[in-house]
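Right, one structure below, let's go through it.
A, B, ... follow the sequence lines: proteins, then strands. Residue 1 opens every chain. Keep in mind that what you see is a predicted model, and the values were worked out from it rather than measured.
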Amino acid sequence: MQPSYDPQAVEREAQQFWEERRSFHVEEDSARPKFYCLSMFPYPSGKLHMGHVRNYTIGDVLTRYYRMRGYNVLQPMGWDAFGLPAENAAIANRVPPAKWTRDNIAYMKAQLRSLGFALDWERELATCSPDYYRWNQWLFTRLYRKGLAYKKTGVVNWDPVDQTVLANEQVIEGRGWRTGAPVEKREIPMYFLRITAYAEELLAALDGLPGWPEQVKLMQKNWIGRSEGVRVGFPYELDGEKRTLWVFTTRADTLMGTTFCAVAAEHPIAAFAARRDPAIKAFVDECKRGAVMEAELAQVEKQGMPTGIFAIHPLSGERLPVWVANYVLMGYGEGAVMAVPAHDERDYEFALKYGLPVKPVIRHPLGERVDPPWRPEYAEYGACINSGPYDGLAYQEAVERIAEDLEKRSLGSKQVQWRLRDWGISRQRYWGCPVPIVHCPACGDVPVPDAELPVKLPEHLVPDGSGNPLARMPEFTQTKCPACGAQARRETDTMDTFVDSSWYFARFCCPDQDRAMVDARARYWMPVDQYIGGIEHAILHLLYSRFFQRVMRDEGLLEVSEPFTNLLTQGMVLAESYYRDANGRREWINPADVVVEKDGKGKVLSAKTRDGSEVIYDGIGTMSKSKNNGVDPQALIDRYGADTARFYIIFASPPTNTLEWSDESVEGSYRFLRRVWAYCLKFSGAAAAGEDAGREVRFEIHSVLKQANYDLQKHQFNTVASAAMKILNALEGLPAARGPLAEEGLSILLRLLSPITPHLAHHLWRALGFGEDVMRAPWPEPDAAALERDEVELVVQVNGKLRGSIRVPREADRGAIEGLALANPNVQRFVAGQNVKKVVVVPGRLVNLVV
RNA sequence: GCCGGAAUGGCGGAACCGGUAGACGCAGCGGACUCAAAAUCCGCCGGUGGCGACACCAUGAGAGUUCGAGUCUCUCUUCCGGCACCA
């Protein structure tokens, strides 16, 4: 053995060993249980960031652990390679997105290799490859023919100066990121996938996912948003023509309290009113300005205008004014609401602002009156009042009766409403998968036939920020109609990159299949047994993938309905940020360049740059370019090696928590690995002693191992790293450097470490002669005999407060325990002269005397 | 605004079913080794009081359930993630 730990040499040697043996290549094998372990594939943004390293380290720990437990483990890797950043880079550097993307992939792949992940690189795929995206196109044409893909208008952010559609991310405070021009909403034709057709199933099936975190299931449930209510029609007249204004409500019991109706700015009534009244037109135009983000819309001040149109209450016959209001969303329900100010907070605020009547119709916990300010009790359920024939009815009954009465008049019925909207997949961008449609003047929209797929994206174009360069390329746009052969124009929109990532996990099972989207191998590997990725994907990506899995199932491509059996959502990686004032602007200083001074207790006194100028601490937050607080994983690997990086990331925090970066703790992890090396060195050089003392040490090692195995099941890997430290501490306490117990303990330690620090464990396992390949050794299990004890320690409490402890034989009965507890001198002090009313004995833990 | 989380020493975290709060590590302090430094090793390390045995306080804040609450219930505060075109 080398006298000191040289991570670079150890890692080079281990990686070479694995590569020569194709250690991570797997095939279908019916003799062993399969385990498909998948981490979310990266967007090739340039270089790995710490979040990637964390994600893939967690996945790798699981992969290596399951391998050692005897599973046939698939862990693949690929590239989510289409997307906006490549176009931004193209605009900035005048490089084609294809080249930029492929260069990034090459660099990041080398980084992933240097981290020693047990990845089957023979399955690598990139979504920007025609071999991959042709199956997006193929599936799209199937869905189009089934009506599960269709065209309608959708709303986009429009930059009037660049004449370009902007992503939400490109809208900064309501303005275009490059032009600074106020962004407008614009309606354009787009293709949609009918995810709502699967809403019911996507919701119901959440109950069958015990391996998913409750919080994610709850978020998806709320996102899908099933609500039962009543669709209500309010008749009105426009230019003498009879029409009905439809609304949806979950509170039909409050229908008699409706004092006005409100419609979204995009609603036909608003459009009509705007045509005859310039003031309304100005207001509607104002509502249509600004970006499409819901978070922004929900926070603007509630505003509205009367349209001058009146609708008739379907039951009372009252004339109700119809308003346009900015808080009504066109995308949800009917784009119109019945307003019941007495029992809805938003309606109440609006009514108060514009002097509209408030009519209480529910007896709420505070009584029958509704007086300002708004109280949440006003919205609670209660018996109907001021509601004519419905007076006295409770919620459920009132809804039934009102729905019946509406149905008799053909002005409503009970209905289920979903919050989930169909998925608009058209993007007016270049670097994406072309939508395989041809527009023919005679035949309309014609899907591209299978034989002509893929519709290849030309790779040499360089976008400039205005419009889609594909649209300016006649070689691409001009084509023949596949149906009639006439001159036709090819669609230039590309697909949302979420389409690419909604089925890549199935393609990893058979990436070389060129005749079908997936084959029988996908039926062997799917579903993914363990999926690992950021919590930020809890809704969109995971819901789209569940949708695609079902679509592919219904196409006969896959058997199972759920793509991911178990889900682990990792926390974000955070870092401190520092800035100094540079002429009124904040100049962000990378934490690596900041020297922090602390007081005797470790509290931060001051922070300075290396050249001595004072900087201001801005707290802890996600690593971002804007705050210049990113820690480059490469610097870490170069300095300490991959194993230290991996160990630190696992040790610092449980996988689901945020991880706060600390350079000092990295140093501590490195120190531990050096200690492991030093101990092994001492062990290898020592003569074997016959016996080493230590029933206690053996008990310690095996109980730590037992706990570590339990923690692995729970995916609490930080305490597994702690367990490795505890075992080393225990071994270092042994009198002899080498003996049977040292040997046993070391073999446990190295196997326990091997999923976390695989290179080090690989090297030491071989160097100490335990075997050829630690990955092929069985996972260590605690020895029941080592865990047996004759005596146990019990804590003694008086009235729940700790007063002492006693040692009792393992088999001691209640009476004996009670006697020993009372005999304890300190316990006596607190019990003396008082009646013991009750004695609680928790076996193996404590005795509580209640006096 | 709506939906979902989180909060424990100076710091990251541990505490399995409601049963010894602070495992393991970082930082800090003291010491050994050294000409010196680094590295390494040993000891201390939530707060207050006490020579000490020990006592009291303490898991974001406030209430509640319980023999016993970091853990369960309610209210609140702060921070984080998502909100459909960032991925």
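- Judged purely by distance below 3.5 Å, without hydrogens or angles, the side chains of Ser466(A) and Asp162(A) never pair a donor atom with an acceptor atom.
- The base of C3(B) is not paired with the side chain of Asn222(A) by any donor and acceptor separated by under 3.5 Å.
- Residue contacts shown for Asn826(A) are limited to sugar-phosphate atoms, with no base heavy atom under 4.0 Å away.
- Between C24(B) and G82(B), the distance separating the two C1' atoms is 34 Å to the nearest Å.
- Residue Glu667(A) is classed as having no contact, given no heavy-atom separation below 4.0 Å to the nucleic acid.
- The same atom, C1', is picked in C26(B) and in U20(B); the two are 25 Å apart, to the nearest Å.
- Checking the phosphate oxygens (OP1, OP2) of G68(B), no side-chain nitrogen or oxygen of Asn799(A) falls inside 4.0 Å.
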(request) Starting at the 5' end of nucleotides 81-87 of chain B, put B wherever the base has a protein heavy atom under 4.0 Å, S where only the sugar-phosphate does, and a dash everywhere else. (result) BSBBBSB
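- Between the C1' atom of G12(B) and the CD atom of Glu664(A) lies a distance of 11 Å, rounded to the nearest Å.
- Proximity of Val53(A) to Arg646(A): side-chain heavy atoms (C-beta onward) are nowhere separated by under 4.5 Å.
- Between A36(B) and G47(B), the two C1' atoms lie 39 Å apart (nearest whole Å).
- Here G19(B) presents its P atom at 19 Å from CG of Leu849(A), a figure rounded to the nearest Å.
- Distance check: Asp80(A) CG to Asp500(A) CG gives 6.5 Å after rounding to the nearest 0.5 Å.
- Atom-to-atom, CD of Glu660(A) to P of G10(B) comes out at 15 Å; the value is rounded to the nearest Å.
- Classified by its glycosidic torsion, G9(B) falls in the syn category, the angle being within 90° of 0.
- Distance, Asp663(A) CG to C26(B) P: 15 Å, rounded to whole Å.
- Between Ile195(A) and Leu420(A) there is a side-chain heavy-atom pair separated by less than 4.5 Å.
- Judged by distance alone, the side chain of Tyr56(A) and the main-chain N or O of Met40(A) form a donor-acceptor pair under 3.5 Å.
- Each of A14(B), A55(B), A27(B) was ranked by its minimum atom distance to the side chain of Thr719(A); first place goes to A14(B).
- Going from atom CZ of Arg845(A) over to atom P of G68(B) covers 19 Å, rounded to whole Å.
- Counting only distance, with no hydrogens or angles, the side chain of Arg54(A) and the backbone of Gln570(A) share no donor-acceptor pair below 3.5 Å.
- Using Watson-Crick or G-U wobble geometry with both donor-acceptor distances under 3.5 Å, C45(B) finds no partner in any strand shown.
- Take Trp374(A) and apply the ring pair (Phe, Tyr, Trp, His ring centres under 6.0 Å) test, not counting sequence neighbours, and it matches Tyr348(A), Tyr378(A).
- Here C3(B) presents its P atom at 15 Å from CG of Leu329(A), a figure rounded to the nearest Å.
- Closest-nucleotide positions on RNA chain B for Val795(A) and Arg346(A) were compared, and the one nearer the 5' end corresponds to Arg346(A).
- Look at CD on Glu732(A): it is 14 Å from C1' on C24(B), rounded to the nearest Å.
- Nucleotide G10(B) has C26(B) as its partner under the Watson-Crick or G-U criteria, with both atom distances under 3.5 Å.
- Using a 4.0 Å heavy-atom distance criterion, Asn848(A) is classed as a base contact.
- Going from the C1' atom of G25(B) to that of A61(B) covers 30 Å, rounded to whole Å.
- Residue Lys801(A) is in sugar-phosphate contact alone, with no base atom involved, counting any heavy-atom pair closer than 4.0 Å across all strands shown.
- Counting any heavy atom pair closer than 4.0 Å across all strands shown, Phe651(A) reaches a base atom.
- Here Val850(A) lies in heavy-atom contact (under 4.0 Å) with sugar-phosphate atoms only.
- When Watson-Crick and G-U wobble pairs are counted only if both distances are under 3.5 Å, C2(B) pairs with G82(B).
- Base orientation of C54(B): anti, the glycosidic angle falling outside 90° of 0.
- Proximity of Ser653(A) to the phosphate of G13(B): a side-chain N or O atom is located under 4.0 Å from OP1 or OP2.
- At the heavy-atom level, Leu218(A) lies under 4.0 Å from the strands shown only through sugar-phosphate atoms.
- A27(B) and A87(B) are spaced 36 Å apart, taking the C1' atom of each and rounding to whole Å.
- Under 4.0 Å is where a charged nitrogen must lie from a carboxylate oxygen, and between Arg346(A) and Glu349(A) no such pair does.
- Nearest to the side-chain atoms of Leu802(A) among the listed nucleotides A21(B), C54(B), C67(B) stands A21(B).
- Distance check on atom C1': A69(B) versus A58(B) gives 14 Å, rounded to whole Å.
- Put simply, the side chain of Asn55(A) never gets that close to the backbone of Ser39(A): no donor and acceptor are under 3.5 Å apart.
- In this model, the phosphate group of A39(B) is not approached by any side-chain N or O of Arg674(A) to a distance below 4.0 Å at OP1 or OP2.
- The same atom, P, is picked in G10(B) and in G46(B); the two are 10 Å apart, to the nearest Å.
- When the side-chain nitrogen and oxygen atoms of Arg671(A) are compared with OP1 and OP2 of A38(B), none of them lie within a distance under 4.0 Å.
- Across all strands shown, A69(B) has no partner, as no Watson-Crick or G-U wobble contact with both distances under 3.5 Å is found.
- Looking at the side chain of Ala652(A), the nearest of the listed nucleotides G12(B), G25(B), G1(B) is G12(B).
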(request) Run the numbers on Glu732(A) and Arg675(A) for salt bridge (Lys or Arg N to Asp or Glu O under 4.0 Å), then give the verdict. (result) CA-CA 10 Å; Glu732(A) 282 180 335; Arg675(A) 272 178 61 209; 2.7 Å; yes
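- At C41(B), none of the side-chain N or O atoms of Lys682(A) fall inside 4.0 Å of OP1 or OP2 (strictly under the cut-off).
- Across all strands shown, A37(B) forms no Watson-Crick or G-U wobble pair with both distances under 3.5 Å.
- As a whole-Å value, the separation of Trp212(A) CH2 from G5(B) C1' is 17 Å.
- G60(B) sits 16 Å from A21(B) when the P atoms are compared, rounded to a whole Å.
- Judged by distance alone, the side chain of Asn326(A) and the main-chain N or O of Glu301(A) form a donor-acceptor pair under 3.5 Å.
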